[in-house]
Amino acid sequence: MTSVPAGSQQGAEDEVEPSILRRAVAASAIGNATEWFDYGVYTYLTVELTNAFFPGELGYLGTLLGFAISFVLRPLGGFVWGPLGDRIGRQRVLSLTIILMGVATFLIGVIPSFETIGWGAPALLFLLRIVQGFSTGGEYGGAATFMAEYAPDKKRGFWGSFLEFGTLAGLTLAVLVVFGLESAIGEQAMLDYGWRIPFMVALPLAMIGLYIRTKLEDTPVFRELEASGESETAATGALRDLVVRYWQPILALFGLVVALNVINYTLLTYMPTYLQTTIGMESAGADTLAVVGQVIMMLLIPFAGTLSDRIGRKPCWWISLIGIFVLAIPMYMLMAQGLAWAIVGFTVLGLIYLLQLGTISATFPAMFPTHVRFAGMAISYNLATAAFGGTAPLVNEAVVESTGDVLFPAYYMMGSCVIGMIALYFVIETKGMSIKGREIPGLAEHRERRAAKARS
């Protein structure tokens, strides 16, 4: 396998065989699918989890707190797994995080209920959610980095979109498993024991992902840096270098992730609870809306990635942020009119959101040079996600309950879009550019454009 000098515009397509590229994409996407399968199952089983673990005054808020608490250790996971991934490689870290994530999810399915062991039940639930958060702190940033570094430069948007295809696939599988199981065994059986089964499904999913990942070499970009002796010799070195030299992309990424995740967790994760507890929609209707909307998004997400390869990452983000800011309130008002209109409103917002979601793997990893990429992605992404993403369902539910304003989720998304637009202004366009080497991709070209503009 030939080496390409750092900074070359030659893409990974000249280095990676198509079959290996497809396996690398699958290895990244299945971990993301496993992660979001768990989040989806937890969300769609809100009623059952509340009955099993929070039968007292806390109720739904206790269950949503269990969702939010999984994000407490995500930043710590980012600080541990990210620099480690820049030191020992992406593939090794991703093999560890996926099995840790799968085992923790499986164990949630075997926790005794509150009726059996009292407050020990929610305590164990919170503990396992924290373990999930710690492992996810390395999983997502690592998977995005892994996919970006395997993908060809000119098609990074297209191939990278399949990471989020995994997100939507995990969420869709979750609702199908929960809905199918409830249809088979009935509501009462689901409350008694059936809710445990979907959590147990996560372990075989994780084992499949582990098998695929262990059969792949590390990314060509990382192996090239390692072969040239330019990779970090200590995990702490990557962390120090990141904080001192690359604080600007850290802040820019943080702002983008605030927008990305407030929209994501409000629209995709909180929506079933919102429709049932706020609008009064039946569980079957909320599940139908989620499946229809997410399947449409899955089918179209590769087109969003391809569009970013043609017009650039930043134009896609501008369209999405402005579009959601303008349409959030009208679409939430539309969703209150019944199931059919709810599907329309959800799908419209989902399709606009795809222009963010479908370009994550092409946009975020390219904001950092290779030797600190995993750490930069993991730390900045998880800090923003812990603060604004995982807390979104809890914040939305608490404010809607206390104020009675059913449009608050729309306001919350609009505010996050403003933060995202400010951050996007400072992001460098990297469409078609190499992400190899120890320099920020696109920085030299960006400076040349600014100098030329200043001279003219």
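As the structure is a computational prediction, the values presented were derived from the model and not from experiment.
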Q: Please name the residue in the list Leu349, Asn261, Asn396 that meets the side chain to side chain contact (heavy atoms under 4.5 Å, CB included) test with Thr266.
A: Asn396

**Q.** Geometric class of the Phe408/Tyr411 ring pair [parallel <30°, tilted 30-60°, perpendicular >60°]
**A.** perpendicular

Q) Parallel, tilted or perpendicular: which describes the rings of Phe254 and Phe388, with under 30° parallel and over 60° perpendicular? A) perpendicular

Shortest non-hydrogen contact from [X] toward [Y]:
{"X": "Thr391", "Y": "Ala386", "result": "CG2-O, 3.6 Å"}
{"X": "Gly376", "Y": "Leu253", "result": "O-CD2, 3.9 Å"}
{"X": "Met200", "Y": "Gly109", "result": "CE-O, 3.5 Å"}
{"X": "Pro409", "Y": "Val400", "result": "CD-CG2, 4.0 Å"}
{"X": "Thr172", "Y": "Val295", "result": "CG2-CG2, 4.1 Å"}
{"X": "Thr34", "Y": "Ala206", "result": "OG1-N, 4.1 Å"}

**Q.** Check against side chain to side chain contact (heavy atoms under 4.5 Å, CB included), Ser161 and Thr359
**A.** CA-CA 6 Å; Ser161 68; Thr359 60; over 6 Å; no

Could you tell me whether the side chain of [Y] reaches within less than 4.5 Å of the side chain of [X], counting heavy atoms only?
{"X": "Pro369", "Y": "Glu439", "value": "no"}
{"X": "Arg92", "Y": "Asp218", "value": "no"}
{"X": "Ile111", "Y": "Phe53", "value": "yes"}
{"X": "Phe325", "Y": "Leu321", "value": "no"}
{"X": "Phe199", "Y": "Leu49", "value": "yes"}
{"X": "Phe79", "Y": "Asn382", "value": "no"}
{"X": "Ile379", "Y": "Leu383", "value": "yes"}
{"X": "Tyr150", "Y": "Arg22", "value": "no"}

Quick check against the 3.5 Å criterion: does [X] have a side-chain atom that pairs as donor or acceptor with the backbone of [Y]?
{"X": "Arg90", "Y": "Glu149", "answer": "no"}
{"X": "Thr219", "Y": "Phe222", "answer": "yes"}
{"X": "Asp38", "Y": "Thr105", "answer": "no"}
{"X": "Ser380", "Y": "Ile250", "answer": "yes"}
{"X": "Lys314", "Y": "Val427", "answer": "yes"}
{"X": "Thr363", "Y": "Ile360", "answer": "no"}
{"X": "Asp309", "Y": "Gly157", "answer": "yes"}
{"X": "Asn32", "Y": "Gly166", "answer": "no"}
{"X": "Glu429", "Y": "Lys431", "answer": "yes"}
{"X": "Thr370", "Y": "Ile435", "answer": "yes"}

Can you measure from [atom1] ([X]) to [atom2] ([Y]) and round to the nearest 0.5 angstrom?
{"X": "Tyr270", "Y": "Tyr412", "atom1": "OH", "atom2": "OH", "result": "12.0 Å"}
{"X": "Arg310", "Y": "Leu307", "atom1": "CZ", "atom2": "CG", "result": "7.5 Å"}
{"X": "Thr347", "Y": "Met297", "atom1": "OG1", "atom2": "CE", "result": "9.0 Å"}
{"X": "Ile322", "Y": "Cys417", "atom1": "CD1", "atom2": "SG", "result": "9.5 Å"}
{"X": "Phe54", "Y": "Thr63", "atom1": "CZ", "atom2": "OG1", "result": "5.5 Å"}
{"X": "Leu100", "Y": "Leu210", "atom1": "CG", "atom2": "CG", "result": "12.0 Å"}

Q. Do Trp81 and Thr97 get their side chains close enough for a donor-acceptor pair, meaning under 3.5 Å?
A. no

Q | Distance-only side-chain donor-acceptor flag, Tyr353 / Asn264, under 3.5 Å | A | yes

So that I know where these two stand, are [X] and [Y] an aromatic pair - ring centroids less than 6.0 Å apart?
{"X": "Tyr332", "Y": "Tyr274", "answer": "yes"}
{"X": "Trp36", "Y": "Tyr265", "answer": "yes"}
{"X": "Phe364", "Y": "Phe368", "answer": "no"}

Q.
What verdict does the side chain to side chain contact (heavy atoms under 4.5 Å, CB included) test give for Met367 and Thr430, after you've listed the backbone C-alpha separation in whole Å, the side-chain angles of each residue and the deciding distance to 0.1 Å?
A. CA-CA 8 Å; Met367 294 172 69; Thr430 55; over 6 Å; no

Q: Mind checking side chain to side chain donor-acceptor pair (under 3.5 Å) for Ser70 and listing every partner two or more places apart, or none if nothing turns up?
A: Arg129

Q: For the pair Leu171 and Phe37, evaluate side chain to side chain contact (heavy atoms under 4.5 Å, CB included) and give the outcome as yes or no after the intermediate values.
A: CA-CA 5 Å; Leu171 284 168; Phe37 175 80; over 6 Å; no

Q: For the pair Met331 and Ile324, evaluate side chain to side chain contact (heavy atoms under 4.5 Å, CB included) and give the outcome as yes or no after the intermediate values.
A: CA-CA 9 Å; Met331 291 303 105; Ile324 290 176; over 6 Å; no

Q) Can Arg213 and Glu139 be counted as an ion pair, charged N to O under 4.0 angstrom? A) yes

Q: Under the salt bridge (charged side-chain N to carboxylate O under 4.0 Å, His left out) rule, collect the residues that match up with Glu35, sequence neighbours excluded.
A: Arg74

